[in-house]
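Before any comments, here is the structure.
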Amino acid sequence: MHDTARLRALDKKVLWHPFTPQQRWAASEPLVIARGDGCLLYDTDGKAYLDGVSSLWTNVHGHGHPTLDAALHAQAEQLAHSTLLGLTHPEAIELAAELIDVAPWGLTRVFYSDSGSTSTEIAVKMAFQAQQQRGETRRTRFATLSDAYHGDTIGAVSVGGIDTFHKLFKPLLFDALVLPAPRSPGGDEEATALSGALALLDAHADTLAGLIVEPMVQGAAGMKMHSVDFVRALIDRAREHGILVIADEVAVGFGRTGTLFAMEQVGRSPDFLCLAKGISGGYLPLAATLATEDVYDAFIGSPEENRQFFHGHTYTGNPLACAVARASLRLFDEEDTLGNVRALTAQLGRLLEARLAPHPFVVDIRQCGVMVGIDLAREGSPLPADIGHRVAMAARRHGAILRPLGATLVLNPPLSLTAAQADDLVRITRKALDDVTEELMA
Ligand SMILES: *Cc1c(COP(=O)(O)O)cnc(C)c1O
């Protein structure tokens, strides 16, 4: 058994956690997760929690899945790591071919890295370099949606728009063209955003190298959602202007919206597709940037011409991660994962409507596949700024892990969640919200 008290004390002494107010953390009793099994996580004292946000939107088929575990062990016996700089290896090759098979039409090249941030940073640099090498030297800027999130490296932050995370770094960033985006799909808000966005694309067309979008769901923005018509219209207009289209499916990819990739519903192929989070089933850090042959051609030339892509990470295309990613893709077929997503989507919709919509603090519920955002607010006296955090802490006491985005509660469970677990997850979320409501009213 683990000594939980010792681990907690040591954590507070030596660790620095991401996106975490460390002062509040130091005053808290951090949950130490020791084990995962299916959609449950267990702490060091053996207590079980539903993984309500898929371990930060990564887990697909559950923790400790025998097929993924076996793929990892088998690969470990062969080769844990070798480089893709100057060498190659079977798992990277096979996975690339398999990704191209399932990806939207026209994407024919796979460039690996290890996080969502690197996958978008790479797409941005590739789009820029491709335009430069095609002689489109005036195309030096990128268009992005308001409240976009593409990761935390400086290039990814430059095309991001979440003020709380990004404002401070402004002096370090390159300037992007921000297009308005709605909070909910359809309706007047979206129509107004779209006409504004198209006008901006038209006005800046000849200086834009690329357009980067999170299709269907802007996750980190608080599960902002738009219709497929909205993103399709943007993509079509960008294409007319010779602007390269980057689809950041780091969050929505691998089944979360109901199709393997959101772009299938949009009905368009991008010039770049960024993948990470769910690519390895949520097991290991792996990312991929897929590109078209047209983009790839812009990098072809003799070594003396120096047209190659000047970018690469040391652990790029790690064999262990690639082997697990291949097994995860196979599971989509073997376990009819998308079939479960369809059932789960319908069930979650009913449960949210019945149990959460009636709560007086719930002002909007958005859902796309298994991705859910629940906005909290109160008429008259505003809710405390840490309302989301408080509800998440209450949910933990009832046995579910949630991680909110400000005053938006987020549910984004593994795709293998069972019907009974979905019921528990929504029930616990409601109970947690009731607990906090009671505290506030007291
Ligand atoms: C999480 C996320 C990223 C960043 O991925 P990291 O692996 O955390 O670097 C980029 N884009 C989107 C849409 C994401 O949700």
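Start at 1 and go down the list; that is how both ligands and their atoms are numbered.
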Step through the shown structure and confirm whether more than 12 heavy atoms of other residues, nucleotides or ligands are within 6.0 Å of CD on Q22.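 Yes, enclosed.
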
Atom OH of Y315: over 12 foreign heavy atoms under 6.0 Å: no

Within-cut-off N or O pair, [X] and ligand 1, under 3.5 Å:
{"X": "G116", "value": "yes"}
{"X": "S117", "value": "yes"}
{"X": "T118", "value": "no"}

[X] neighbourhood, listing ligand 1 atoms whose heavy-atom distance to it stays under 4.0 Å:
{"X": "G151", "answer": "4 (C), 10 (C)"}
{"X": "S115", "answer": "7 (O), 9 (O)"}
{"X": "A251", "answer": "15 (O)"}
{"X": "K277", "answer": "1 (C), 2 (C), 3 (C), 14 (C), 15 (O)"}

If you take the centroid of each ring, where Trp contributes its six-membered ring, are H313 and H311 closer together than 6.0 Å?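 Aromatic pair counts; centres sit under 6.0 Å.
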
D423: which residues meet the salt bridge (Lys or Arg N to Asp or Glu O under 4.0 Å) condition with it, sequence neighbours left out? R355

Would S55 and D51 count as a side-chain hydrogen bond (donor to acceptor under 3.5 Å, both in side chains) here? Give the steps. CA-CA 6 Å; S55 297; D51 189 356; 2.8 Å; yes

With a heavy-atom distance limit of 4.0 Å, tell me whether E214 approaches ligand 1 through its side chain, its backbone, both, or neither.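 Answer for E214: side chain.
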
Mind checking whether T120 has a heavy atom under 4.0 Å from ligand 1?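 Distance cut 4.0 Å: T120 fails for ligand 1.
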
Y283: what forms a ring-ring contact (aromatic ring centres under 6.0 Å, His included) with it, not counting sequence neighbours? none

